[in-house]
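Data first, discussion second: the structure below is written as structure tokens.
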Amino acid sequence: MWVASAWQKMTDTRPVRVRFAPSPTGRLHIGGARTALFNWALARSLGGAFILRVEDTDTERNSEESLHSILESLRWLGLDWDEGPEANGEFGPYFQTQRMANYQAAIDRGLSEGWLYRCFASAEEIGELVAEHRANKRSGRWEGPYRDLPVAEAEARAAAGEEFVLRFRVPMGQDVVIKDHIRGDVNFRSDEVEDWVAVRTGGMPTYNFCCAIDDADMQISHVIRGEEHLVNTPKQVLLAEALGVAVPDFAHVPLILGEDGKKLSKRTGDTALGDYIDKGYPADALFNFLALLGFSIDDKTTVFSREELVQHFDLKRISKGGALFDIDKLHWICGEYIRHMSVAHLTDAVLPSLRSAGLVSEPLVGDDSVTDLNVIGSRAWLERLVAAMQERLGLLNELPEKAAFLFSEGVELDKKAAKAVANEQAIAVLSHLATAFESADVFPPADWSAWVNEQAAQLDVGMGKVMKPLRAALSGTLGGPELLDILTLLGKQRSVSRIRAVL
RNA sequence: GGCCCCAUCGUCUAGUCAGGCCUAGGACACCAGGUUUUCAUCCUGGCAACGGGGGUUCGAAUCCCCCUGGGGUCACCA
């Protein structure tokens with residue numbers, strides 16, 4: 001039986017070659033990104049090849065722009081491919097529309113061997129057939145009207161110019177067993193598989209047709225893809241069998257679910273990787289999070305690098321059930337990464353958002369030799385700011401909003417801050433501080449905490465009575481970075497003038 | 001509805017293949033304390049799960065069956 005031989009082919013020691021096969025009809029979906037990630041991880045962990053193949057047989061919806069953005073997204077995630085667009089490879093071309101010669105050879109063979117036949121039914125006719133079949137609630141497949149049309153007659157009608165598609169003649173009474181690394185054996189009966197369209201009207205082959213042929217031609221060893229493809233697999237396996245080519249190993253990964261528990265879709269939030277790039281999630285963090293969705297290294301490791309994933313990756317550790325996209329956890333992971341980045345690295349990461357918010361210039365003020373923290377917008381000043389804000393950041397893009405008050409000349413007080421400075425005691429404290437700051441030799445005063453303590457003692461008030469109004473006047477709000485950081489970043493002139501502004 | 005997949009805390013999961021080490025571990029979220037004279041971070045503690053029913057077994061989260069529940073798919077899209 002073909003099944004046994006197919007499994008033997010799967011378990012031999014051929015080189016590991018996996019592929020991610022997006023169709024360039026939109027941006028890279030979160031689920032696709034994770035599928036790509038798993039493919040990449042398997043290739044890297046086993047020393048195999050990661051191949052990118054563009055499934056562009058839907059010429060109606062393809063776009064150059066989509067392709068470009070998909071490639072960019074993959075690169076951003078750090079998933080480098082060994083063969084594919086913009087890379088070399090001995091199994092190219094890597095665009096299906098450029099592989100027509102291969103498909104044509106298979107088509108010719110299928111027609112002459114009889115496992116492909118011409119079907120003259122319109123899409124509407126077939127639609128009615130399917131609807132009726134489904135309404136009858138019976139099991140088994142629907143039968144098309146042209147399956148048994150004599151070849152001579154079919155050829156004559158085709159020659160007369162009648163339009164047709166090519167359907168795959170699915171054999172009856174056969175068991176199709178799919179060997180899946182995640183699910184074990186999955187059984188289908190060929191009687192349940194309809195005679196699917198292999199070649200469209202006009203001659204363009206379909207996904208199922210190209211996919212199986214390419215996987216064989218490119219010597220793909222493992223097909224790792226989303227679970228929604230599981231029911232397509234018997235079609236592809238049956239085709240490979242008709243062609244007499246090797247059937248790859250399969251691994252159907254569980255779906256990523258939206259908050260409604262259904263396949264993640266635009267309904268339930270952002271579904272494109274690009275959305276998360278734009279929002280300021282660090283690439284390493286998103287990579288980590290995606291890997292965690294349906295995969296685990298062990299019982300307690302949650303934060304890990306690409307290298308660690310590669311080191312521990314194993315298809316057997318991919319879970320079977322769908323996973324809800326947990327935005328809270330993503331957020332937390334991002335915070336983890338941001339907090340653990342070096343200040344220099346984080347500064348680089350945050351620069352684009354500061355630029356687009358118009359807070360820093362391009363190039364930066366001064367050059368790298370500027371170490372004077374009074375030079376606002378310099379690299380040194382920015383790094384100081386980033387260090388002060390680091391543990392308060394959830395996303396890269398939050399910085400402009402949270403740190404805007406450090407860039408401006410003055411500041412507007414929010415409600416609570418306004419209240420904190422609007423009493424006699426606060427006014428007295430602040431005017432004392434303004435004077436003290438002005439006469440200080442160094443700014444901020446050396447040994448800051450001792451200095452503040454002394455001021456509080458002189459004023460005969462508690463520390464809270466000093467810190468709170470000062471913070472309010474300086475930052476316009478009651479939260480935020482440490483006062484010493486604010487003073488440092490603001491500098492003497494701005495600090496004093498902000499205090500004077502509320503007196 | 002047919003076919004296929006799945007089923008451990010609210011969420012992501014470990015444990016299931018080789019049944020006892022599981023009075024089920026970790027993480028997120030949440031709650032309560034503590035550190036930080038703000039916020040955030042950090043630390044400590046707490047809450048919280050094997051969907052149900054039958055088997056098999058000395059013993060089942062782990063094996064088998066049924067039920068229930070959820071999901072996927074049923075295009076000349078991929």
Query raised in the report: Can you find a donor-acceptor N/O pair under 3.5 angstrom joining the side chain of A/Thr201 to the base of B/rC76?
Result: yes

Requested in this report: Taking the six-membered ring for Trp and the full ring for Phe, Tyr or His, determine whether the centres of A/Phe437 and A/Trp451 are under 6.0 Å apart.
Outcome: yes

Query raised in the report: Cation over ring, A/Arg118 on A/Phe164, under 6.0 Å and within 45°?
Result: yes

Query raised in the report: Nearest-Å distance, CZ (A/Phe325) to P (B/rU13)?
Result: 13 Å

Query raised in the report: Does the A/Arg471 side chain pair with the main chain of A/Pro481, one donor and one acceptor, at a distance under 3.5 Å?
Result: yes

Requested in this report: Establish, yes or no, whether a centroid distance under 6.0 Å links the rings of A/Phe168 and A/Trp196.
Outcome: yes

Requested in this report: Can you run down the side-chain hydrogen bond (donor to acceptor under 3.5 Å, both in side chains) pairs that involve residues 60-70 of chain A, sequence neighbours left out, and say none if there aren't any?
Outcome: A/Asp58-A/Arg61, A/Ser63-A/Ser66

Report task. Output yes when A/Arg317 and A/Asp298 qualify as a salt bridge under the 4.0 Å nitrogen-oxygen rule, no when they do not. Result -> no

Requested in this report: Output yes when A/Glu155 and A/Arg157 qualify as a salt bridge under the 4.0 Å nitrogen-oxygen rule, no when they do not.
Outcome: no

Query - Geometric class of the A/Trp40/A/Phe287 ring pair [parallel <30°, tilted 30-60°, perpendicular >60°] - result: perpendicular

Query raised in the report: Base, sugar-phosphate, or nothing for A/Thr25, non-hydrogen atoms under 4.0 angstrom?
Result: nothing

Any N/O pairs under 3.5 Å between the protein and nucleotides 4-10 of chain B? List them or say none.
residue	atom	partner	partner atom	Å
B/rC5	O2'	A/Arg183	NH1	2.5
B/rC5	O2'	A/Glu227	OE2	2.7

Report task. Please list, by residue number, the residues of residues 330-343 of chain A whose heavy atoms come closer than 4.0 Å to an atom of RNA chain B; answer none if no residue qualifies. Result -> A/Trp332, A/Glu336, A/Arg339

Query raised in the report: Which part of the nucleic acid does A/Ala323 contact within heavy-atom distance under 4.0 Å: base, sugar-phosphate only, or nothing?
Result: sugar-phosphate

Query raised in the report: Once each nucleotide of nucleotides 17-26 of chain B is scored for protein heavy atoms under 4.0 Å, what B/S/- sequence comes out, 5' to 3'?
Result: --------BS

Query - Results of side chain to side chain donor-acceptor pair (under 3.5 Å) for A/Thr25 - residues two or more places apart only - result: A/Ser23

Report task. May I ask you to decide whether A/Glu227 forms a salt bridge with A/Lys320, counting only side-chain N to carboxylate O separations under 4.0 Å? Result -> no

Report task. May I have the distance from A/Trp196 (atom CH2) to B/rU73 (atom C1'), rounded to whole angstrom? Result -> 16 Å

Query raised in the report: Do the side chain of A/Asp195 and the main chain of A/Arg169 share a donor and acceptor less than 3.5 angstrom apart?
Result: no

If you restrict it to nitrogen or oxygen atoms, what contacts under 3.5 Å exist between nucleotides 62-68 of chain B and the protein, and what is each distance?
none

Query - Rounded distance (Å) that lies between atom P of B/rU36 and atom CE of A/Met467 - result: 12 Å

